[in-house]
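Presented below is the structure to which this report refers.
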Amino acid sequence: QVQLAESGGGLVQAGGSLRVSCAASGRSISSYGMAWFRQAPGKERVFVAFITWNRLITNYADSVKGRFTISRDNAKNTVYLQMNSLKPEDTAVYYCAATASQYSNAVQSKASGFGSWGRGTQVTVSS
């Protein structure tokens, strides 16, 4: 099983930008779809963004379309989430996840489709 570790979270003002990273260890993530989810205080964990193993397909939650960009560097075994035009409602713990299946171009957005999770990084957007 792959181990995932998020980093790059922090405090940013509304309208600002932040990039969070997810570094994988234990095995290569090059054959896995990768996603970001987030969980705000008192709320359920929700889907944010997804990218297929070969970068052919990306998918975003409506709430972040046009503001967030998911990318991956398979040589570095790392996935990124670039967040622009941040809003206070983006405040949450951000988690990365790897799909349970390999070499699939099926778009995944449900937590049940992911077999490995990181511990999360806190992103706080002040108004």
Verify the cluster assignment for [X] and [Y]: are they in a single hydrophobic cluster under the rule of side-chain heavy atoms below 4.5 Å apart?
{"X": "Met83", "Y": "Phe37", "value": "no"}
{"X": "Phe114", "Y": "Trp53", "value": "no"}
{"X": "Phe50", "Y": "Trp117", "value": "yes"}
{"X": "Ile51", "Y": "Val2", "value": "yes"}
{"X": "Val12", "Y": "Leu81", "value": "yes"}

Give, for atom [atom1] of [X] and atom [atom2] of [Y], the distance between the pair rounded to the nearest 0.5 Å.
{"X": "Phe47", "Y": "Ser63", "atom1": "CZ", "atom2": "OG", "answer": "9.5 Å"}
{"X": "Gln82", "Y": "Ser21", "atom1": "CD", "atom2": "OG", "answer": "9.5 Å"}
{"X": "Gln122", "Y": "Gln39", "atom1": "CD", "atom2": "CD", "answer": "10.5 Å"}

Open item on the list: A cation-pi test, strictly: NZ or CZ of Arg19 under 6.0 Å from the centre of the six-membered ring of Tyr80 and no more than 45 degrees from its axis. Yes or no?
Closed with: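 Arg19 over Tyr80 ring: yes.
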Task: Gln102 versus Ser31, side-chain donor and acceptor atoms under 3.5 Å - done: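 Yes, a side-chain donor-acceptor pair sits under 3.5 Å.
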If I compare all heavy atoms of [X] with all of [Y], which pair ends up nearest, and what's the gap?
{"X": "Pro88", "Y": "Ser127", "result": "CG-CB, 3.8 Å"}
{"X": "Asn77", "Y": "Ser25", "result": "ND2-N, 4.3 Å"}
{"X": "Gly118", "Y": "Glu6", "result": "CA-OE2, 3.2 Å"}
{"X": "Gln1", "Y": "Ser116", "result": "CG-OG, 3.3 Å"}
{"X": "Trp36", "Y": "Val79", "result": "NE1-CG1, 3.7 Å"}
{"X": "Ser28", "Y": "Ser30", "result": "OG-OG, 2.9 Å"}

Open item on the list: Working note: Asn84 + Ser17, criterion side chain to side chain contact (heavy atoms under 4.5 Å, CB included); need CA distance, chi angles, decisive distance, verdict.
Closed with: CA-CA 4 Å; Asn84 299 329; Ser17 298; 2.9 Å; yes
Open item on the list: Quick one, Met34 with Leu4, criterion side chain to side chain contact (heavy atoms under 4.5 Å, CB included). Give me CA distance, side-chain angles, the key distance, then yes/no.
Closed with: CA-CA 11 Å; Met34 298 295 297; Leu4 303 173; 4.1 Å; yes
- [ ] Tell me, with the steps shown, if Leu86 and Gln13 meet side chain to side chain contact (heavy atoms under 4.5 Å, CB included).
- [x] CA-CA 8 Å; Leu86 282 161; Gln13 288 189 332; over 6 Å; no
Task: Side-chain heavy atoms of Ile29 within contact of Arg72, under 4.5 Å - done: yes
Open item on the list: Can you confirm whether Thr52 sits close enough to Gln108 that some side-chain heavy atom of one is under 4.5 Å from a side-chain heavy atom of the other?
Closed with: no
Open item on the list: Is the ring pair Tyr94/Phe68 parallel, tilted or perpendicular, if the boundaries are 30 and 60 degrees?
Closed with: tilted
Task: N-O pairing of Lys87 and Asp90 below 4.0 Å - done: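 Salt bridge between Lys87 and Asp90, a charged N being under 4.0 Å from a carboxylate O: no.
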TODO: For Thr78 and Ala23, indicate whether the former's side chain and the latter's backbone hold a donor-acceptor pair under 3.5 Å.
DONE: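 Checking the backbone N and O of Ala23 against the side chain of Thr78, no donor-acceptor pair under 3.5 Å is found.
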Open item on the list: Can you tell me if Arg55 has over 12 outside heavy atoms packed within less than 6.0 Å of its CZ?
Closed with: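 Check passes, neighbour count above 12.
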- [ ] Show the numbers, then the answer: is there a side chain to side chain contact (heavy atoms under 4.5 Å, CB included) between Ile70 and Tyr60?
- [x] CA-CA 9 Å; Ile70 188 171; Tyr60 297 91; 3.4 Å; yes
